[in-house]
Structures are given as structure tokens and as C-alpha cells.
A.B. asks: 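Before anything else, here's the structure in question.
Values reported hereafter were calculated over all heavy atoms of this structure, with side chains retained and with hydrogens, waters and symmetry mates removed. Throughout, protein chains are lettered first and strands after them, A, B, ... in sequence-line order, and every chain is numbered starting at 1.
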Amino acid sequence: MMDFTEDQLQRYSRHIILPEVGGKGQAKIAGAKVFIVGAGGLGCPVGYYLTAAGVGTIALVDNDVVEMSNLQRQIAHSVNTLGMPKVESAKRTFEALNPDVRVIAMQRRLSKDDILDLIRDYDVVVDGSDNFPTRYLVNDACVMAGKPLVSGAILRFEGQVTTIVPHDGPCYRCLFEEPPPAGLVPSCQEAGVLGVLPGVIGALQATEVLKLILGKGELLKGELLIYSALKTEFRKVKVPRNPSCPLCGEHRTITELVDYNEGYCAMP
Amino acid sequence: MEETAADKRINIKGLVCPYTFVKAKLAMESLEVGQVLEILLDSEEASRNIPRSMEDHGQKMLKNEKINDTDWVLVVRKERE
Ligand SMILES: [Zn+2]
């Protein structure tokens, strides 16, 4: 049993009184280590809520610096952190919210050469990346390492969330075997996004992470949740495992990580 | 009401909701199923809310008694984790 300080008792009281959480669940949250890819539209709300929830260790990976055009949706950053690496800006915000949480800021790109080492010590990976090369790299690494992955994506008024539990449900390649050609991905001019949309999707991702940590509830495993902000509508699409998935199927053809070429527009 | 020797006693006088229940729940979590917790409190609101919450969580209230002008004693048996 975790010994809570008086501050912690007060901070986490609304968790502790939930039957599904309790002191034991809160101790699990405190002991959890979550790896967040991207400190942008999705990474900000995911990290913010997981920090508030008291997740013990949060790693943030992102190579970008804060720009004015980010502030319409990337809620961990501010005019005071313009020009600062996003991971550093977010770390300051999260540490101000909850000093219990250890935030590890990594300003860098993920590559096939280091991602497996970087995620090794973490319990859950969250994908809030803004491009297909990273999305596939993170998916492949999580399947190879057997790490649960909570994946989110946003565009214009629509967002998607799914939770990938390797070899127990489909992976991202079961849905889409290969990344789309760069030319088919919307260009920067086309790729607008409603600022609150990543808040909705990121909060759903953070919820999945907490359920994974607590071992409670039903995960979005084998299901893609699609949210339409314009219609105010949630749809769940069942996604079966693909027996011929090149990554997690019966005859695996992808046995090494791949770095796909860049050339995609960065958005969230 | 049956008299049962408590395995653990807590005094949460001076606390208000929700900390009354937070303390009571944490004390319950530290017990084994079948063990008994005795709670001394002085919040009239908590004397109504704690028993209800404990029963919502599947625990068994054995006693809820006002013992003087200001204080209540609750006795709860742990029925489940
Ligand atoms: Zn697959």
C-alpha cells in the first residue's frame, strides 16, 4: 500500500473514492511509465491529463519548437515558450501542474535504430505523431516489443482512436498494410484542424492509458473509434486481426523496423 | 446490532467530505476480507454518506451509532476487495 502525503490524499481523492481505482489503483498509476510520441495537438492533452492523474513517469519525444500557429490547439505551450523545444515547454507546464510526476523531455526524432531501446522501460506507448512514417515506426516497434499502444489521429473535424495490444488484437498494419503515398496525404494548405479536436481525441487516449494501467474496463482493442466534431457523433468500427498482416500475421514479412521517407506534411 | 472486535480503528474527527471517505476507504483497503474497521467521526454528513458509500462498494455495515452530542461510531466489515 502506498503511503500518501496529505497533499496527495487531497489531490487524488476523487480517484481514491472510485471503487475501480482506490488507493491501490492510484499506487499503480504512480508506478506507471508512459511514453508519449509527439508534444503537439495530441501529446499536450494526453500528457496534461496523465500528469494530473499522477502517472509516475512520462517521457515526451518531439523534435519541434513551439510556434505561434501551434497555440490554437497545443495546450501545454504558450506565448512564454515560443521558440522553445516543445518537449521542454510541455515539461514546464506539466511539472507546474503536478510535482509528483517525473517528465523526461527528449528533443529528437525517433528512428528505427533507437526506438526499441527508448521504449523498453515503459509500460504504455501513446502515439500522437503527425506523420505516417512515425506512425508506422511506432506501431512496428510496439508490436515487436509487445508494448500496448494507444494510437490517435486527427484531421479537420474528424479524429480516430484505437488501442493496439500486440498479438491480442489487430495492429495498425492489420488496417492499413503500408503508409499511403506521400502525394495522397493532404498538403499543409488542405490540412486544417479544429483546435479543440485534439483535446477530445487526446482525452480519449489518456482514458485508454489509465484503463491499461488499472486493468479496468474495456479497451478500444480491435475497434477504431471515429469522432466527428461537425456531426457530434462517435462511431465504433470493428477491426479484426488480419491473418496475413505483414507484421503480426501468420507469415510475417516485416521482421525489421523501417524508416519511411519523409515528405509528409507535419500537422498536429 | 452485534458487537464485533475491530481489527483496525481510525479517528477521522475534524475531517469533512470527501476526505472522511478517502481515509475510511484507504483503511478498508489495508484490511483482509472478513476483517472489521471501526471509524470515529464527528461529521453528521459523513455519518450518513460513509455507510451508503461502503455498501455501494459491497462492504457490510455492522453498526452506525451516535455515541454523544458530537460523535458517531461506524463499524464496517470488509466483504470484498
Ligand atoms: Zn497486424
A.B. asks: Could you tell me which non-hydrogen atom of B:Tyr19 sits nearest to which non-hydrogen atom of A:Leu9, and how far apart they are?
C.D. replies: CE2-O, 4.2 Å
A.B. asks: For B:Lys60, I'd like to know if atom NZ has over 12 heavy atoms of other residues, nucleotides or ligands within 6.0 Å.
C.D. replies: no
A.B. asks: Which pair of heavy atoms, one from A:Gly22 and one from B:Glu29, lies closest together, and at what distance?
C.D. replies: CA-OE2, 3.1 Å
A.B. asks: Crowded around A:Arg92 CZ? As in, over 12 foreign heavy atoms under 6.0 Å?
C.D. replies: no
A.B. asks: With rounding to the nearest 0.5 angstrom, report the NE2 to CG distance, B:His57 to A:Leu18.
C.D. replies: 7.5 Å
A.B. asks: So for A:Gln10, is it side chain, backbone, both, or neither that comes closer than 4.5 Å to the heavy atoms of chain B?
C.D. replies: both
A.B. asks: Measure distances from A:Glu6 to the heavy atoms of chain B and classify the residue's part below 4.5 Å as side chain, backbone, both or neither.
C.D. replies: side chain
A.B. asks: How about NZ on B:Lys66, more than 12 heavy atoms from neighbouring residues, nucleotides or ligands closer than 6.0 Å, or not?
C.D. replies: yes
A.B. asks: Provide the closest heavy-atom pair for A:Gly23 versus B:Leu26 in the form atom of the first, atom of the second, distance.
C.D. replies: CA-CD2, 3.5 Å
A.B. asks: Mark yes when over 12 heavy atoms from residues, nucleotides or ligands other than A:Glu218 sit less than 6.0 Å from its CD; otherwise mark no.
C.D. replies: no
A.B. asks: Tell me if the OH atom of A:Tyr49 is crowded by more than 12 foreign heavy atoms within 6.0 Å.
C.D. replies: no
